[in-house]
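Reading through the structure tokens given below for one structure.
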Amino acid sequence: MRIGYPCINRSIACQGDRTFRLKSYSSERLIETVQNNLNCLEEIIRFNAKNQLLFFRITSDLVPFASHPVCNFPWQEFFQDRFRQIGKLIKRNSIRISMHPDQFTLINSVDLQIFEKGVKELTYHAEVLDLLGLPPSAKIQIHGGGVYGDKNGSLKRFVDRYGRLPLKVRRRLVLENDDRSYNLIDCLRINAETGVPILFDVFHHHVNSSGERLGEAFERFSRTWKEEDGIPMVDYSSQRKGEKKGTHAEAIDLRNFKVFLLETKPHDFDVMLEIKDKEKSALKAVRAASKDSRFQKIVR
DNA sequence: AGGTGTCAAGCGTCC
DNA sequence: GGACGCTTGACACCT
């Protein structure tokens, strides 16, 4: 078990998810921004390694506009040495990496152009992980996409489009249950047709449940991860009290987290804490899990 | 320098 | 049929 947090670290001065407006796009601006973002990524990785935070989600803003037609700069070649260096640092410290393209990226849209834009965006994510030299256990997570008033048809369209994705995307793609459209059962149906591993979001399963208890859910999605995919990834967050359903909590509730650790035994997995105060809560979770045998397997 | 409106992208929901 | 939420924050332009 590794414990981690997504995209940004507020404890260090370096801010590595910098971007800019489309209107101010230029190659110079891109180079400057990516240089900064890579430098900060390296600092975050060092911070994480030092603090036993061995799971990290790299921001999709690492290379702004990478999949946009405006970007004709060969950032892949230009930054390849830098990527390779940082990748070595990641591997040396046994850190697991994921990425999560945002809600605009979906492969089952009825509009083919949206699918094609999605493929470009997914390809960009795959290229980042490839340039870092990471194995296929470094994953890219997306949701099922739209329903368009016909879930069966839309689910089938996902399956069909999945088969048309470039191999470099497919070997890393995993499907996450979301908080309104595609619950765990829907995702498992897609898995049965495609073999895509299911990344389990504990909070989404609570908000948009298909009824399984936690133990049963873990039984089922864990089996969708093959040897080369690594151990399953899990997203964990909790409800912010007094806010509307689905709002992420400000800080981790350690009592709930410990119950979660107990309830999920004996399954091993890597857990991403989607909590607003990011690395602060992740550090608390590391302490809470420090006596758990699953956690000790990685951290020696 | 400080204030503030607005930001690449798609979907679903609410009015 | 248009505005808004989706993890909001920070960019960019204005004064």
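Predicted model, so just to flag it, every value in this text is computed and none were measured. Below, chains carry the letters A, B, ... as their sequence lines are ordered, and counting in each starts from 1.
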>> Between Glu279(A) and Ser11(A), does the side-chain hydrogen bond (donor to acceptor under 3.5 Å, both in side chains) criterion hold? Intermediate values first, please.
In response: CA-CA 8 Å; Glu279(A) 79 285 353; Ser11(A) 302; 2.4 Å; yes

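- Once the 5.5 Å centre distance and the 30° plane angle are applied, the aromatic ring of Phe104(A) is found not to be stacked with the base of dG10(B).
- Separating the P atom of dG5(C) from that of dG5(B) is a span of 16 Å, rounded to the nearest Å.
- For dT13(B), the base has no donor-acceptor partner in the side chain of Arg180(A) [N/O atoms by modelled type, under 3.5 angstrom].
- A cation-pi arrangement is not found for Arg2(A) relative to Phe55(A), the charged atom failing to lie both closer than 6.0 Å to the ring centre and inside a 45° cone about the ring normal.
- Spacing between atom CD of Glu176(A) and atom P of dT7(C) amounts to 10 Å, rounded to whole angstrom units.
- Taking the six-membered ring wherever Trp is involved, the centroid distance between the rings of Tyr236(A) and Phe203(A) does not fall below 6.0 Å.
- Side-chain rings of Phe65(A) and Phe20(A) approach one another, their centers coming within less than 6.0 Å.
- In this structure, dT7(C) makes no Watson-Crick or G-U wobble pair, since no nucleotide meets both defining distances under 3.5 angstrom.
- Here the P atom of nucleotide dC14(C) and the CZ atom of Arg21(A) are 12 Å apart, to the nearest Å.
- The CG atom of Asp102(A) sits 10 Å away from the P atom of dG10(B) (whole-angstrom rounding).
- With dT8(C), dA10(C), dG12(B) as the candidates, the nucleotide lying closest to the side chain of Tyr148(A) is dG12(B).
- Heavy atoms of Val147(A) sit under 4.0 angstrom from primed sugar atoms or phosphate atoms, though from no base atom.
- Atom name P, nucleotides dT6(B) and dT7(C): the rounded distance is 23 Å, in whole Å.
- Residue-level contact check: Asp17(A) touches neither bases nor backbone, having no heavy atom under 4.0 Å from any strand.
- Heavy atoms of Ser24(A) sit under 4.0 angstrom from primed sugar atoms or phosphate atoms, though from no base atom.
- The side chain of Lys278(A) has dT7(C) as its nearest neighbour among dC11(B), dT7(C), dG5(B).
- Contact annotation: Lys117(A) reaches the phosphate of dG10(B) (side-chain N/O to OP1 or OP2, under 4.0 Å).
- Rounded to whole Å, atom P of dT7(C) lies 14 Å from atom CG of Asp61(A).
- Between Glu274(A) atom CD and dT7(C) atom P there is a gap of 8 Å when expressed in whole angstrom units.
- For the pair Lys280(A) and Tyr5(A), the cation-pi test (distance below 6.0 Å, angle within 45°) is failed.
- To the nearest whole angstrom, the two P atoms, one in dG12(B) and one in dG9(C), are 27 Å apart.
- For the pair Phe115(A) CZ and dG10(B) C1', the interatomic distance rounds to 16 Å; values are reported in whole Å.
- Comparing dC11(C), dT8(C), dC11(B) by their closest approach to the side chain of Lys276(A) singles out dT8(C).
- dG2(B): Watson-Crick or G-U partner is dC14(C), with both key distances under 3.5 Å.
- Aromatic pair His205(A)/Phe200(A): ring centres closer than 6.0 Å.
- Rounded to whole Å, atom P of dA9(B) lies 13 Å from atom NZ of Lys23(A).
- With both pairing distances under 3.5 Å, dA9(B) is matched to nothing as a Watson-Crick or G-U wobble pair.
- When each of Leu22(A) and Cys7(A) is assigned the nucleotide of DNA chain C with its nearest heavy atom, Cys7(A) is the one assigned upstream, toward the 5' end.
- Outside the 6.0 Å centre-distance limit, the rings of Phe158(A) and Tyr182(A) are not counted as a close aromatic pair.
- Looking at heavy-atom distances under 4.0 Å, Phe65(A) makes contact with a base.
- Rounded to whole angstrom, the span from the OH atom of Tyr236(A) across to the P atom of dT7(C) amounts to 17 Å.
- The P atoms of dA9(B) and dA12(C) are separated by 16 Å, rounded to the nearest whole Å.
- If you check dA10(C), dG10(B), dT7(C) against the side chain of Gln103(A), the one that comes closest is dG10(B).
- Of the side-chain N and O atoms in Ser109(A), one or more sit less than 4.0 angstrom from OP1 or OP2 of dC11(B).
- Contact check, Arg18(A) against dC11(C): a side-chain N or O comes under 4.0 Å of OP1 or OP2.
- A gap of 15 Å separates the C1' atoms of dC4(C) and dC7(B), to the nearest Å.
- Counting non-hydrogen atoms under 4.0 angstrom, Arg29(A) reaches the backbone sugars and phosphates but no base.
- Counting non-hydrogen atoms under 4.0 angstrom, Thr19(A) reaches the backbone sugars and phosphates but no base.
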